[in-house]
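Numbers for residues simply follow the sequence, beginning at 1. A quick note: this is a predicted structure, and the numbers were derived from the prediction, not measured.
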Amino acid sequence: MKDKVTIHTLKRLKQIGQKICMVTAYDATFARIFDQSGADVLLVGDSLGMVVQGHESTLPVTMDQMVYHSAAVTRSTRRAHVVGDMPFMSYQVSAQDAVRNAGRLVTEGGVGSVKLEGGAEFADTVRAIVRASIPVMGHLGLTPQSVHKMGGYVVQGRDEEQGRKILEDALALEAAGAYSLVLEGVPLDLARTITQRLSIPVIGIGAGKYCDGQVLVCYDLLGMNPDFKPKFVKHYANLHGAITDAAGAFFSEIREGVFPDDEHSFKASKGLRAVSATPAMTAGAPPQGETQVTAEGGEEKVGPVYGIPV
């Protein structure tokens, strides 16, 4: 296993021109797969509100839910740096709330840093969190928590005034102590300018090829929703089709009586006494770790996996 990725690793990658690989993860299984596949950063995004919970936006996601999913991801991550999203209204009210909630993601969720949306207006909040020794990743451009303010999920920074504002916000976040920045849904020329102006890594999503790294929602890159394919998403697999076929085959074999067959069924151990059920035995097999009497009158220890003797 390679050395653990830290915020200092990410800065060195920018300095040497090595692109940073980032992907979202929301549970232990996906976290383990992406970590072993070489991800530098795993983002436990509040995008789980849409792709996991089925909401139309990220706004309903709570702190408790972010802590829960963050903990699941960090338990299975060995190399990648894990970032936890600060959900809507977890940091907007006050810097004190922001520090407390960021602390929960670190202490309860086990993340290595937190991410929050917004520009210069949250510079003091970023400073407060960093002052509490919690690294902060910024997020500018198309910021999903501001969907109502933006009037939908639309590209930001197309005109000069908007572009200048995003650049100023990026510089303000860097000055406040942010160690990295996600730039979402902006023209690639603007993203190139911001990436060149900042000394901290800039991770793009829908921001073109000039960023220091890229991030996608895992369900998008795996092709799990073929109906969702915005311009910036590339499907690297068709898991929707593969999962549909596998599940369909499973259901068919159940209905046809093909599964389970002998290969997928347990058999009694040699010498295991066959007895009929009595009122005293209605509770089922012996508890894990207890003994089972054999036909020869001896005892053998019953293991923890479906009563298999060990």
Side-chain angles (χ1 to χ4, degrees), residues 2-25 34-35 39-46 66 70 73-74 77 79-87 90-92 95 98-107 109-141 143 145 166-184 186 191-205 207 210-216:
K2 296 181 179 179
D3 292 340
K4 178 73 174 177
V5 176
T6 69
I7 63 173
H8 305 294
T9 309
L10 301 178
K11 187 169 185 178
R12 287 197 297 271
L13 291 178
K14 177 184 176 83
Q15 292 170 344
I16 66 175
Q18 175 65 55
K19 297 290 187 179
I20 297 167
C21 301
M22 180 169 162
V23 64
T24 66
F34 296 139
D35 188 49
D40 298 313
V41 183
L42 296 182
L43 170 64
V44 188
D46 60 359
M66 289 305 307
S70 294
V73 168
T74 57
T77 304
R79 175 184 175 271
H81 178 74
V82 181
V83 185
D85 252 339
M86 299 282 287
S90 67
Y91 62 92
Q92 288 92 338
V99 172
R100 182 183 302 110
N101 287 320
R104 287 194 63 196
L105 283 174
V106 173
T107 59
V111 303
S113 66
V114 300
K115 181 173 75 65
L116 59 81
E117 300 178 10
E121 67 274 20
F122 291 108
D124 288 340
T125 300
V126 171
R127 288 190 186 92
I129 297 174
V130 172
R131 195 159 50 241
S133 299
I134 301 173
V136 177
M137 175 182 283
H139 185 156
L140 294 173
T143 47
Q145 291 180 17
I166 294 174
L167 173 59
E168 291 172 352
D169 282 339
L171 294 169
L173 290 175
E174 180 181 40
Y179 77 90
S180 183
L181 175 70
V182 167
L183 204 53
E184 179 173 358
V186 302
R192 176 168 55 183
T193 297
I194 293 173
T195 302
Q196 292 173 344
R197 289 286 300 274
L198 298 187
S199 63
I200 60 176
V202 176
I203 313 296
I205 175 169
Y210 299 111
C211 296
D212 298 307
Q214 299 292 328
V215 60
L216 282 178

Closest approach of [X] and [Y], non-hydrogen atoms and distance?
{"X": "A128", "Y": "A95", "result": "CB-CB, 4.0 Å"}
{"X": "A39", "Y": "V23", "result": "CB-CG1, 4.3 Å"}
{"X": "L173", "Y": "G138", "result": "CD1-CA, 4.2 Å"}
{"X": "A172", "Y": "A120", "result": "CB-CB, 3.8 Å"}
{"X": "V186", "Y": "G141", "result": "CG1-CA, 3.7 Å"}
{"X": "M22", "Y": "I203", "result": "SD-CG2, 3.9 Å"}

So, do [X] and [Y] sit near enough that their side-chain heavy atoms are less than 4.5 Å apart?
{"X": "Q214", "Y": "C21", "value": "no"}
{"X": "I166", "Y": "I194", "value": "yes"}
{"X": "L10", "Y": "Q15", "value": "no"}
{"X": "V182", "Y": "I205", "value": "yes"}
{"X": "V82", "Y": "V44", "value": "yes"}

Next item on the list: Begin from the C-alpha positions of L105 and M66 and carry the test side-chain contact (heavy atoms from CB on, under 4.5 Å) through to its verdict.
Entry: CA-CA 7 Å; L105 283 174; M66 289 305 307; 4.0 Å; yes
Checklist line | Check: S180 side chain, M137 main-chain N or O, donor-acceptor pair, under 3.5 Å | finding: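 It does not hold such a pair.
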Look up atom [atom1] in [X] and atom [atom2] in [Y], then write down how far apart they are to the nearest 0.5 Å.
{"X": "F34", "Y": "L42", "atom1": "CZ", "atom2": "CG", "answer": "8.0 Å"}
{"X": "I134", "Y": "Y179", "atom1": "CD1", "atom2": "OH", "answer": "12.0 Å"}
{"X": "D46", "Y": "K115", "atom1": "CG", "atom2": "NZ", "answer": "6.0 Å"}
{"X": "D124", "Y": "I129", "atom1": "CG", "atom2": "CD1", "answer": "11.5 Å"}
{"X": "T195", "Y": "I200", "atom1": "OG1", "atom2": "CD1", "answer": "10.0 Å"}
{"X": "L183", "Y": "C211", "atom1": "CG", "atom2": "SG", "answer": "5.5 Å"}

Checklist line | Test log, rule side-chain contact (heavy atoms from CB on, under 4.5 Å), inputs E117 and F122 | finding: CA-CA 8 Å; E117 300 178 10; F122 291 108; over 6 Å; no
Margin query: Taking the basic N atoms (NZ, or NE/NH1/NH2) and the acidic carboxylate oxygens, is any pair closer than 4.0 Å for D212 and K14?
Written below: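 So D212 pairs with K14 through a salt bridge.
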Checklist line | Electrostatic pair R79-D40, nearest N-O below 4.0 angstrom | finding: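 Yes, charged N to carboxylate O under 4.0 Å.
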Note to self: For the NZ atom on K19, are there more than 12 heavy atoms of other groups (residues, nucleotides or ligands in this structure) within a distance under 6.0 Å?
What the structure shows: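 More than 12 within 6.0 Å, yes.
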Notebook entry, point to check: Checking side-chain contact (heavy atoms from CB on, under 4.5 Å) for the pair Q145/Q92: CA distance, chi angles, key distance, verdict?
Noted result: CA-CA 11 Å; Q145 291 180 17; Q92 288 92 338; 3.1 Å; yes
Margin query: Evaluate V83 against V114 for side-chain contact (heavy atoms from CB on, under 4.5 Å), listing each step before the verdict.
Written below: CA-CA 5 Å; V83 185; V114 300; 5.7 Å; no
Next item on the list: Evaluate the side chain to side chain donor-acceptor pair (under 3.5 Å) criterion for residues E184 and T143: first the C-alpha distance (whole Å), next the side-chain angles of each, then the deciding distance (0.1 Å), finally the verdict.
Entry: CA-CA 7 Å; E184 179 173 358; T143 47; over 6 Å; no
Next item on the list: Any chance you could lay out the side chain to side chain donor-acceptor pair (under 3.5 Å) test for H81 and T9, step after step, and finish with the verdict?
Entry: CA-CA 9 Å; H81 178 74; T9 309; over 6 Å; no
